[in-house]
Each structure stands twice: as C-alpha cells, then as structure tokens.
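Since we're looking at a predicted model, the values are computed, not measured. In what follows, chains are A, B, ... by sequence order, proteins preceding strands, each numbered from 1.
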Protein chains: 2
Amino acid sequence: MTAPPPPPPAPPGRPMRADARRNYERLVQVATEAFLEHGADASLDDIAKRAGVGPGTLYRHFPVRQDLIDAVLQRWMASVLTEAEPLRVAADPVEALGMWLRRLVAHVQVFRGLSSALIPPEDKFKESSPAWVLHRTSEELLARAQESGEIRSDIDIKELMTLVSGVTWACDRGKEIDADRLIDLIMDGLRVRDRPDRPPVAGA
Amino acid sequence: MTAPPPPPPAPPGRPMRADARRNYERLVQVATEAFLEHGADASLDDIAKRAGVGPGTLYRHFPVRQDLIDAVLQRWMASVLTEAEPLRVAADPVEALGMWLRRLVAHVQVFRGLSSALIPPEDKFKESSPAWVLHRTSEELLARAQESGEIRSDIDIKELMTLVSGVTWACDRGKEIDADRLIDLIMDGLRVRDRPDRPPVAGA
DNA sequence: CGACGATACGGAGATACTCTCCGTTTATCA
DNA sequence: TGATAAACGGAGAGTATCTCCGTATCGTCG
C-alpha cells in the first residue's frame with residue numbers, strides 16, 4: 001500500500017513474462033482483501049476467480065497456501081518493520097522489546113487465523129519467509145534487552161516467538177481477551193529475578 | 001480405557017436404544033484412535049466407515065466435530081483429573097499449579113491439534129464440555145496459589161488458560177520446543193514481584 | 001514485420017470432505 | 001407377535017483443493 005513492492009520471487013533466470021507478473025500482482029492484491037475479510041482460510045479458488053484468473057494460474061504461482069500467505073505478508077511486513085526501527089535504538093531496551101511484541105501481536109491479529117505465519121512448518125522456514133524476518137528482528141531486540149541485564153539470558157528467540165504466536169492464536173479464538181496483558185505477563189516472566197535464595201551479585 | 005464410561009449423553013427421557021448406544025460407543029472408540037493417528041482434523045466420514053456405520057449415524061450422534069472431540073476427551077479427562085486430586089492439597093500450592101499446568105499441556109499434546117479443545121468458541125462452552133471442567137479445576141488451583149500470596153491476584157483463569165492453550169498450540173506446530181520451559185516462564189510471570197520498580201542494590 | 005518457441009493461461013474434472021434427506025430396518029413393549 | 005417409535009445407512013448435494021493439458025500469449029530473432 002505504500003512502498004513499491006519488490007519484484008515478486010525474482011528468479012535468477014529470465015524476468016517474469018508481463019502477463020505472469022500482472023496476474024501475480026493481482027492475485028496478491030485480491031488475496032490480501034480475501035484474507036482480511038474471511039481470515040487465512042479463505043477459498044483459494046474464490047480468490048482466483050475474483051482475480052480473474054483460473055485456479056491453475058493461482059496454483060502455479062503459489063503451489064501451497066502458505067506461499068500465498070507469505071506473499072501477502074511480504075508487503076504487509078514493510079510497515080511492521082518500520083515500527084521496529086526506532087525501537088532498535090530506544091533508550092530502554094526492555095520497554096522497547098515489550099512494545100515491539102505488543103505491536104507485533106496487534107499487527108498479526110489484523111488477519112484472522114494468521115498466527116501460524118509466525119511459526120511455519122520447519123521445512124518452509126526459509127530466509128525469504130516473513131516469519132524468518134520477524135524472528136530476526138525480534139531476535140535483535142531481545143538480544144539488546146538481554147544485554148541490559150534485566151532480561152534473563154537463558155531464553156532464546158524461538159521460545160519467545162513460540163509464546164508470542166501462541167498468544168496471537170489464542171486471542172484469535174477466545175474473544176474478549178486482552179492480548180497486551182498477556183504479553184506483559186510474558187515480559188514479566190522474562191525479567192531477571194532477584195533470587196530469594198541466592199545472594200544477588202546480579203546486574204552486569 | 002480404565003473406568004466404566006458414564007452413559008453418553010444421558011437424556012432425561014428414555015434410555016438409548018441398544019443399537020444406538022453400541023454405535024455411539026464404537027464411534028467414540030474409533031474416533032479416539034483416529035484423532036491419535038491423524039490429529040483432530042481426521043476425516044469424519046472415515047471414522048464412520050471404520051466404525052462400520054453410515055455418515056448419517058455419526059452426524060446424528062455428533063452434529064458438529066467438536067461434539068465428537070468432546071466425547072473423546074470426556075473419557076480421557078478422567079485420568080487428567082485424577083492427577084489434579086493430590087495437587088489440590090499439596091503443601092506448596094504454587095508448585096502444585098506449575099505441575100498441573102505442565103501435566104495439562106503434556107496431556108493435551110497427546111492429540112495433535114487439540115489445543116483448541118481448551119478454549120472452544122464461546123457458545124459451546126457449556127458445563128458439560130471438557131474444557132469447562134478443566135477451567136474449573138485450574139481455577140481452583142490458581143486460587144489456592146493466589147491465596148498463598150506468591151501469585152499475583154490480578155490474573156484470572158481465562159487469561160491463564162488462554163496462555164496455556166497458546167503454548168500447546170504453538171508446541172504442536174514448531175517441534176523441538178520444550179513446553180515445560182514455556183510453562184515455567186509463564187509461572188515466573190505469574191509470581192508476585194518483590195521488587196516492582198527498583199533493580200536490586202544488594203541482598204534479599 | 002512475421003513467425004517460432006517458450007512461457008503462461010484457464011477451466012474441466014478428479015479427489016476428498018462435510019453434512020442432509022429419507023426410505024428402510026431394527027429394537028422395544030404390550 | 002405385531003405396532004410404533006427410534007435409529008440406521010448411503011446416495012448425493014454442496015464446497016474446496018489441486019492437476020492436467022490443449023490453447024493462447026509473449027518475447028525474440030531472423
């Protein structure tokens with residue numbers, strides 16, 4: 001919606017044929033609307049129809065549903081990552097991490113049933129996938145928060161993202177749940193505790 | 001598999017006809033195997049076939065998928081609740097809560113994709129549902145832990161169950177995630193903080 | 001410009017799943 | 001044993017996914 005979208009999959013060989021490219025763009029466009037309206041399990045044939053192409057065309061560009069979801073998220077992600085930028089250098093890295101997670105959840109919840117995009121099946125977890133980019137970004141913010149000494153160091157990004165995606169999933173279903181509160185709770189769990197039984201040589 | 005299963009839905013009027021009851025039992029039996037093997041989205045027609053009945057019979061007993069899942073869980077739940085019994089009176093109610101949540105997650109993970117059973121759509125959340133019973137049990141353990149003063153009181157069972165079901169869901173997908181660790185993290189978040197705003201300067 | 005080869009299109013249809021309708025069968029009880 | 005309510009079962013409608021292949025279009029080169 002904002003920036004000029006990058007050439008879709010950018011195959012190393014020849015550029016896409018004009019009609020192919022046109023259809024690709026149109027499909028992603030229509031899919032975005034469909035996912036917003038009906039959630040991530042919108043009918044694919046229907047999307048093809050609304051885009052004015054045959055099902056075959058859709059499945060050639062996006063062999064599995066996740067590919068289409070990824071293409072949609074690719075565009076959407078730009079705005080999310082923009083929000084991360086100032087947080088990278090924020091004065092309070094712990095607060096920055098919390099803020100990032102809250103924003104992330106809010107963004108993911110724009111599409112119903114899209115939480116799964118955060119932790120796709122292992123074999124689809126390539127560098128190109130939006131999930132991977134989000135992991136990397138979150139990882140940086142986590143690392144910085146950990147360096148401050150206020151966040152426990154025995155936690156890795158995979159665990160954190162698992163928790164966060166769990167929150168988005170659960171909030172998708174049970175309405176009336178305040179996702180921000182759950183994120184705050186997780187953040188509390190992440191904080192270093194002054195052990196009640198151990199003489200705290202804490203900090204640094 | 002252990003206790004004599006209670007009469008299925010126990011309609012107030014007449015008892016079930018013998019053949020109806022037989023089919024009901026058989027369906028639940030076969031469904032259990034199918035869910036174990038293929039996860040919660042196993043084919044219902046296939047279950048009917050394997051149980052030796054027509055699809056119509058299955059759908060008469062279980063109009064929607066969740067009804068069949070609930071029936072399966074009803075039996076399975078007995079063993080889960082048995083585990084809760086000693087925890088109700090455990091010396092350390094906080095540890096008891098943690099243990100319960102860990103066991104709960106472990107149990108739910110026996111079936112793939114069954115996390116949703118923990119937070120069914122609002123309108124199916126009746127007293128008869130396994131999810132409701134689990135909520136009530138968890139609620140008691142949470143309350144006891146809160147009374148000890150070690151667990152924050154500004155958390156309700158709905159939020160906690162949302163978090164927990166999120167963990168089971170996420171662990172279903174991304175393999176190689178240690179659910180117990182995530183539960184422990186949540187438990188840490190639940191604990192009352194002795195130092196709300198100030199990093200420890202020194203002892204205790 | 002015209003034609004050829006590669007690329008992409010599109011839609012019919014195979015397959016799978018859910019769920020319903022209704023004629024037939026079976027259990028129960030008098 | 002016969003009447004009646006209860007339950008069965010399977011054909012089939014509706015919907016979704018995904019494939020195959022004859023046809024159309026693009027891009028390029030002579």
Side-chain angles (χ1 to χ4, degrees), chain A residues 7-31 33-35 37-72 112-113 116 120-121 124, chain B residues 7-31 33-35 37-72 112-113 116 120-121 124:
Chain A
R14 209 167 292 179
M16 281 176 103
R17 232 172 67 172
D19 51 350
R21 164 115 193 197
R22 194 167 45 229
N23 285 329
Y24 182 100
E25 297 296 345
R26 187 138 181 68
L27 280 168
V28 174
Q29 169 68 33
V30 169
E33 295 161 15
F35 289 156
E37 191 174 350
H38 300 113
D41 51 357
S43 158
L44 295 187
D45 271 30
D46 197 53
I47 288 172
K49 201 167 300 175
R50 282 213 261 165
V53 305
T57 300
L58 186 151
Y59 286 100
R60 195 174 328 103
H61 286 303
F62 311 100
V64 300
R65 178 182 293 270
Q66 184 68 43
D67 294 333
L68 183 53
I69 291 176
D70 279 356
V72 168
R112 252 184 316 119
S116 57
K124 300 279 313 178
Chain B
R14 211 167 288 177
M16 281 177 102
R17 235 172 68 171
D19 52 348
R21 161 117 195 196
R22 196 167 43 231
N23 284 329
Y24 182 101
E25 297 295 344
R26 189 142 178 65
L27 280 167
V28 174
Q29 170 68 31
V30 169
E33 296 161 13
F35 289 155
E37 191 174 350
H38 300 112
D41 52 357
S43 160
L44 295 186
D45 272 30
D46 198 52
I47 288 173
K49 201 169 299 175
R50 283 213 261 164
V53 305
T57 299
L58 186 152
Y59 285 100
R60 196 172 329 101
H61 285 304
F62 311 99
V64 300
R65 177 182 293 269
Q66 185 67 44
D67 294 334
L68 183 53
I69 292 177
D70 279 356
V72 168
R112 250 183 318 119
S116 57
K124 300 283 308 179

Could you tell me the separation between the [atom1] atom of [X] and the [atom2] atom of [N], rounded to a whole number of Å?
| X | N | atom1 | atom2 | result |
| --- | --- | --- | --- | --- |
| A/Tyr59 | C/dA14 | OH | P | 17 Å |
| B/Leu68 | C/dC19 | CG | P | 11 Å |
| B/Lys49 | D/dA11 | NZ | P | 10 Å |
| B/Leu27 | D/dG9 | CG | C1' | 12 Å |
| B/Asp41 | D/dT17 | CG | P | 15 Å |
| B/Phe62 | C/dT18 | CZ | P | 15 Å |
| A/Met16 | D/dC26 | CE | P | 14 Å |
| B/Arg26 | D/dC8 | CZ | P | 14 Å |

Earlier contact from the 5' end, DNA chain D, for A/Gly56 and A/Arg22
A/Gly56
When all nucleic acid strands are considered with a 4.0 Å heavy-atom cut-off, which category describes A/Ala51: base, sugar-phosphate, or nothing?
nothing
With respect to the side chain of [X], which nucleotide from [options] is positioned closest?
| X | options | answer |
| --- | --- | --- |
| A/Ser43 | C/dC19, D/dC26, D/dT17 | D/dT17 |
| B/Pro55 | C/dA27, D/dC8, D/dA11 | D/dA11 |
| A/Asn23 | D/dT17, C/dT18, C/dC9 | C/dC9 |
| B/Leu44 | D/dG9, C/dG10, C/dC19 | C/dC19 |
| B/Arg60 | C/dT18, D/dG9, C/dA12 | D/dG9 |

Qualifying residue, where the test is side chain to side chain contact (heavy atoms under 4.5 Å, CB included) with A/Val30 and the options are A/Glu25, A/Lys49, A/Arg50
A/Arg50
Taking atom types as they are modelled, would you say the side chain of B/Asp19 forms a donor-acceptor pair with the base of D/dC8 within the 3.5 Å cutoff?
no
Look at the side chain of A/Arg17 and the base of C/dA8, then say whether one donor and one acceptor between them are separated by less than 3.5 Å.
no
Applying side-chain hydrogen bond (donor to acceptor under 3.5 Å, both in side chains), can you list everything that pairs with A/Arg112, at least two apart in sequence or on another chain?
none
Rounded to the nearest 0.5 Å, how far does CG of B/Leu27 lie from CZ of B/Arg22?
12.0 Å
For D/dA7, does OP1 or OP2 lie under 4.0 Å from any side-chain N or O of B/Thr57?
no
According to a strict under-4.0 Å criterion, is A/His61 in side-chain N/O contact with OP1 or OP2 of C/dA8?
no
Under 30°, 30 to 60°, or over 60°: which ring-plane class applies to B/Phe62 and B/Tyr24, parallel, tilted or perpendicular?
tilted
Nearest nucleotide by nearest heavy atom, which residue falls closer to the 5' end of DNA chain C, A/Ala20 or B/Asp45?
A/Ala20
Quick check: do B/Arg65 and B/Leu68 have side-chain heavy atoms less than 4.5 Å from each other?
no
